> 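One structure, pasted below without further comment.
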Amino acid sequence: MLSNLQNYYIPKTIPGALALLEKNSGSILVVAGGTKLVQVDNRIVQELVDITHLGLDYFKENSGEIRIGATTTLQNLIDNKLVKHSPFKILSQATQLSYSSKMIRNVATVGGELISSDSLSVLYCSLLVLQAQIRIVGGEEFALAINIFLAKKGLGGGLLLETIIPKPQTEFYTGLAPIFHQNKKVIICACAHIVIHEGKCQDVRIAITGTEKVPQRLPEAEAVLEGKKLNSKTIEDTSDTACNIYHPIADTLASEKFRKEASRSVVKNALTQCLQEFEDQFDA
Ligand SMILES: Cc1cc2nc3c(=O)[nH]c(=O)nc-3n(C[C@H](O)[C@H](O)[C@H](O)COP(=O)(O)OP(=O)(O)OC[C@H]3O[C@@H](n4cnc5c(N)ncnc54)[C@H](O)[C@@H]3O)c2cc1C
């Protein structure tokens, strides 16, 4: 509980919000959906800046990118027609997997999720293979590649404005494969992205949660598939490499040994979905 709360501001402009954050830094926090903050026990925070009236609840699309505003709710992300269908559907699937409660998804925001999610975040995993960028404003405005943002963790008093997802000009295929604990939480999840040009894999991207401190790409496994045909043999080789090179975490959900073996299976399943998507277009 924020037991020492004294002021609640609802600015209408981004400069207005930033001025409040700068003036009262140390005792002020941003609030979006409030579903994480409601669980925080903190006596230092005296003021909150509500950012839900800054016009950051949007989806914008142009030929080169999709932009998702920070206060877009998780449910709106799941339902948006742009990300509900292939190949961006892994974004929608990832968000749905992270949350069992629609009530919370209707309130929690994409920005709040990106700031507060942990090493098992499936949303981060999907954003890694989509090579998303996060636009931030603090003293200045800048964009960070999602992997840098993940490594940095923390905005140092700034505001997360939006998530930018590039739209590749070539056709690409994606897959997302989780393994669940019996309590329905995701133990480990892999996401994959592949371009197939003249029958060969290009721009192979594979990311995984639950193996290190933050979700990460698997460059050594990606290299195994790059330039090869996508078939059951190359998928097997790639998932074996993924399993061999990574050192998983152990926690209350699963042991290190379980996660290591599971990494093979989730990478294989995510790549098989890419193959399926590729083959389906010829059946259609
Ligand atoms: C009943 C319940 C169930 C939940 N279930 C789940 C679950 O299944 N899975 C799960 O992952 N989480 C769950 N949560 C946690 C919570 O919903 C998530 O962490 C959520 O994504 C937070 O989003 P929010 O918009 O509510 O963030 P807030 O609570 O508003 O903010 C969270 C943090 O992010 C900062 N912040 C928010 N937006 C910005 C921004 N644009 N720029 C800078 N800083 C910002 C805030 O200052 C705060 O530190 C649950 C919470 C509750 C209460």
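As a basis for the values below, the full set of heavy atoms in this structure was taken, side chains included, without hydrogen atoms, waters or symmetry mates. Since this is a predicted model, take the numbers as computed values, not measurements. When a ligand or atom number is given, it counts from 1 through the structure's own listing order.
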> Can you check which of Thr72, Thr35, Leu56 brings a heavy atom nearest to atom 22 (C) of ligand 1?
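Considering heavy atoms of Thr72, Thr35, Leu56, the nearest to atom 22 (C) of ligand 1 sits in Thr35.
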
> So, the side chain of Lys84 versus the backbone of Ser92: is there a donor-acceptor pair under 3.5 Å, distance only?
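Not confirmed, Lys84 side chain does not pair with Ser92 backbone.
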
> Which ligand 1 atoms, with their elements, are less than 4.0 angstrom from a heavy-atom of Gln39?
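Close to Gln39: 15 (C), 50 (C), 51 (C), 52 (C), 53 (C).
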
> So is Gly158 touching ligand 1 or not, going by heavy atoms under 4.0 Å?
yes

> Answer yes or no: does atom NZ of Lys228 have more than 12 heavy-atom neighbours from other residues, nucleotides or ligands under 6.0 Å?
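For Lys228, atom NZ is crowded (more than 12 foreign heavy atoms under 6.0 Å).
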
> Run the numbers for me: atoms of ligand 1, each under 4.0 Å from some heavy atom of Ile51, listed by number.
40 (C), 41 (N)

> If the cut-off is 4.0 Å to any non-hydrogen atom of Gly33, which atoms of ligand 1 fall inside it?
24 (P), 25 (O), 26 (O), 30 (O)

> Ignoring hydrogens, just give me the one of Ala17, Ala32, Ser98 whose non-hydrogen atom is nearest atom 8 (O) of ligand 1.
Ser98

> Looking at side-chain heavy atoms only, is the closest gap between Leu253 and Arg259 below 4.5 Å?
yes

> Just one of Glu279, His193, Gln281 clears the side chain to side chain donor-acceptor pair (under 3.5 Å) bar with Tyr173, so which one?
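It is Gln281; the other options fail the test.
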
> Applying ring pair (Phe, Tyr, Trp, His ring centres under 6.0 Å), run through Phe278 and Phe172 and close with a yes or a no.
CA-CA 8 Å; Phe278 173 65; Phe172 63 102; over 10 Å; no

> Looking only at distances, can you tell me whether any N or O atom of Gly34, backbone or side chain, sits closer than 3.5 Å to an N or O atom of ligand 1?
yes

> Would you say ligand 1 has an N or O under 3.5 Å from any N or O of Leu159?
no

> If you measure every N or O of Leu37 against every N or O of ligand 1, does any of those distances drop under 3.5 Å?
yes

> For ligand 1, is there an N or O atom under 3.5 Å from any N or O atom of Leu74?
no

> Go through ligand 1 atom by atom and flag the ones less than 4.0 Å from a non-hydrogen atom of Glu113.
11 (O), 18 (C), 20 (C), 21 (O), 23 (O)

> Does at least one non-hydrogen atom of Ser101 fall below 4.0 angstrom from an atom of ligand 1?
no

> What atoms of ligand 1 come within less than 4.0 Å of a heavy atom belonging to Ala70?
41 (N)

> Compare every heavy atom of Asp57 with every heavy atom of Thr72, then report the nearest pair and how far apart it is.
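The pair with the smallest heavy-atom distance is CA-OD1, 3.5 Å.
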
> Do Asn106 and Gln75 get their side chains close enough for a donor-acceptor pair, meaning under 3.5 Å?
no

> Would you indicate whether Glu61, at its atom CD, is surrounded by more than 12 heavy atoms from other residues, nucleotides or ligands within a distance under 6.0 Å?
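Count over threshold, so yes.
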
> Looking only at N/O atoms, are Leu160 and ligand 1 under 3.5 Å apart anywhere?
yes

> From His181 NE2 over to Phe258 CZ, what is the distance, rounded to the nearest 0.5 angstrom?
9.0 Å

